[in-house]
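Take a look at the structure below.
No hydrogens, no waters, no symmetry mates; every other heavy atom, side chains included, goes into these values. The shown structure was predicted, so the numbers you read here are calculated from the model rather than taken from an experiment.
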Amino acid sequence: MIIGICRSKNNQTIVEPFVRHHLRLLDRLMICDNGSVDATKEILAKLAAEDGRLIVSHDEGFGDFQSKHYADLMTAAEQFHPSFIVTLDADEFLGVPDRDTLIAMLQQIPMGGYGMVYWRTFVITPDTIESCAQDSPKGFCWRRKAEIPPLFGKVILRLEKQSVKDFTLGPGNHSVYRNDGQPMPSTDFGTTLPLLHFPLTCKVQLLAKTVVHWMAFLVRDARARETGDDGWQSQRNFDKIVNADGVVSDADLCEASLMYAQDLYCEGKRP
């Protein structure tokens with residue numbers, strides 16, 4: 001049993017292809033919608049009615065509590081006795097052509113261990129602004145040559161006959177550890193099992209994503225601007241948009257797409 005878990009918020013431009021792609025690969029896909037105010041809820045409801053293997057839950061709370069959402073999804077997944085749990089965001093697509101290929105890859109993960117899959121981030125360019133907005137992810141033609149840091153990965157757990165309660169996911173699902181402190185064996189998939197990443201699709205999404213994310217960081221920590229680095233990207237984009245009176249230019253969109261989650265954007269706040 002292969003189960004995907006995902007927390008989603010305001011992903012109307014890409015959530016349907018995300019769901020359809022992964023239901024071809026996984027046995028079940030569990031999505032927690034975190035208070036979307038666009039058409040995401042309606043799209044998910046339609047897809048869930050169409051295919052019962054999509055299980056949708058809702059949390060209307062506002063704030064950056066991603067770790068709690070994924071912990072809850074892990075707990076909910078245990079009822080299906082999964083052999084594998086794949087952690088995903090709604091803008092991430094497992095880069096395999098079919099289920100048989102995915103199963104062959106997952107078998108490389110040691111029992112009770114985890115595999116790491118890494119971003120290949122696709123970007124908006126001046127000549128693809130319209131196609132990216134109208135037909136994500138098919139409308140994308142270009143991806144980053146390099147990721148900085150190069151190993152921005154997500155976790156796939158192999159659980160056979162073990163409880164999800166034995167494990168805790170790290171922030172952003174970029175790591176995992178056993179609650180008893182014992183080491184976990186792992187497999188590094190490198191470029192053999194890429195995680196195709198489409199973080200930005202259009203100007204409206206960039207504007208909404210920036211404002212919602214930064215406000216959510218402030219709900220979690222009112223002093224986030226002074227005390228933490230986690231929200232540096234949202235803070236930077238928020239300040240830039242405010243200074244431009246809420247206007248997002250073509251150049252702004254392309255720059256934000258290219259530099260999404262890149263350390264070069266952190267202006268010295270990260271090592």
Would you say the side-chain atoms of [X] and [Y] include a donor-acceptor pair closer than 3.5 Å?
X    : Y    : value
D252 : S249 : yes
S136 : T201 : no
D98  : T101 : yes
T128 : T125 : yes

Could you check whether any side-chain N or O of [X] sits under 3.5 Å from a backbone N or O of [Y], counting only pairs where one atom can act as donor and the other as acceptor?
X    : Y    : value
D33  : R7   : no
H21  : L94  : yes
T187 : Q108 : yes
R158 : P110 : no
S36  : D38  : no
D51  : R53  : yes

Considering only heavy atoms from C-beta outward, does the side chain of [X] approach that of [Y] to under 4.5 Å?
X    : Y    : result
C254 : I129 : yes
V123 : R143 : no
R120 : R144 : no
V86  : I3   : no
L157 : F84  : no

* So, for F93 and H197, is the gap between ring centers shorter than 6.0 Å? ->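 No, ring centres 6.0 Å or more apart.
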
* Can we call the ring centroids of Y118 and F189 under 6.0 Å apart? ->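 Centroid separation for Y118 and F189: 6.0 Å or greater.
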
* Asked: Looking at CD of Q162 and CD of E160, how far apart are the two atoms once the value is rounded to the nearest 0.5 Å?
  ->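 Between Q162 CD and E160 CD, I get 8.5 Å after rounding to 0.5 Å.
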
* **Candidate list V155, L193, V176, test side chain to side chain contact (heavy atoms under 4.5 Å, CB included), partner M116, passing option** =>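 Result for side chain to side chain contact (heavy atoms under 4.5 Å, CB included) with M116: V155.
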
* Asked: Can you check salt bridge (Lys or Arg N to Asp or Glu O under 4.0 Å) on D250 and K203, steps first, answer last?
  -> CA-CA 8 Å; D250 289 355; K203 292 179 184 179; 2.6 Å; yes

* Steps toward salt bridge (Lys or Arg N to Asp or Glu O under 4.0 Å) verdict (E50, K46) -> CA-CA 6 Å; E50 180 182 309; K46 179 194 73 171; 5.5 Å; no

* State, to 0.1 Å, how close L73 and S57 come at their nearest heavy-atom pair, and which atoms those are. =>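 Reported closest heavy-atom pair: CD2-OG, 4.4 Å.
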
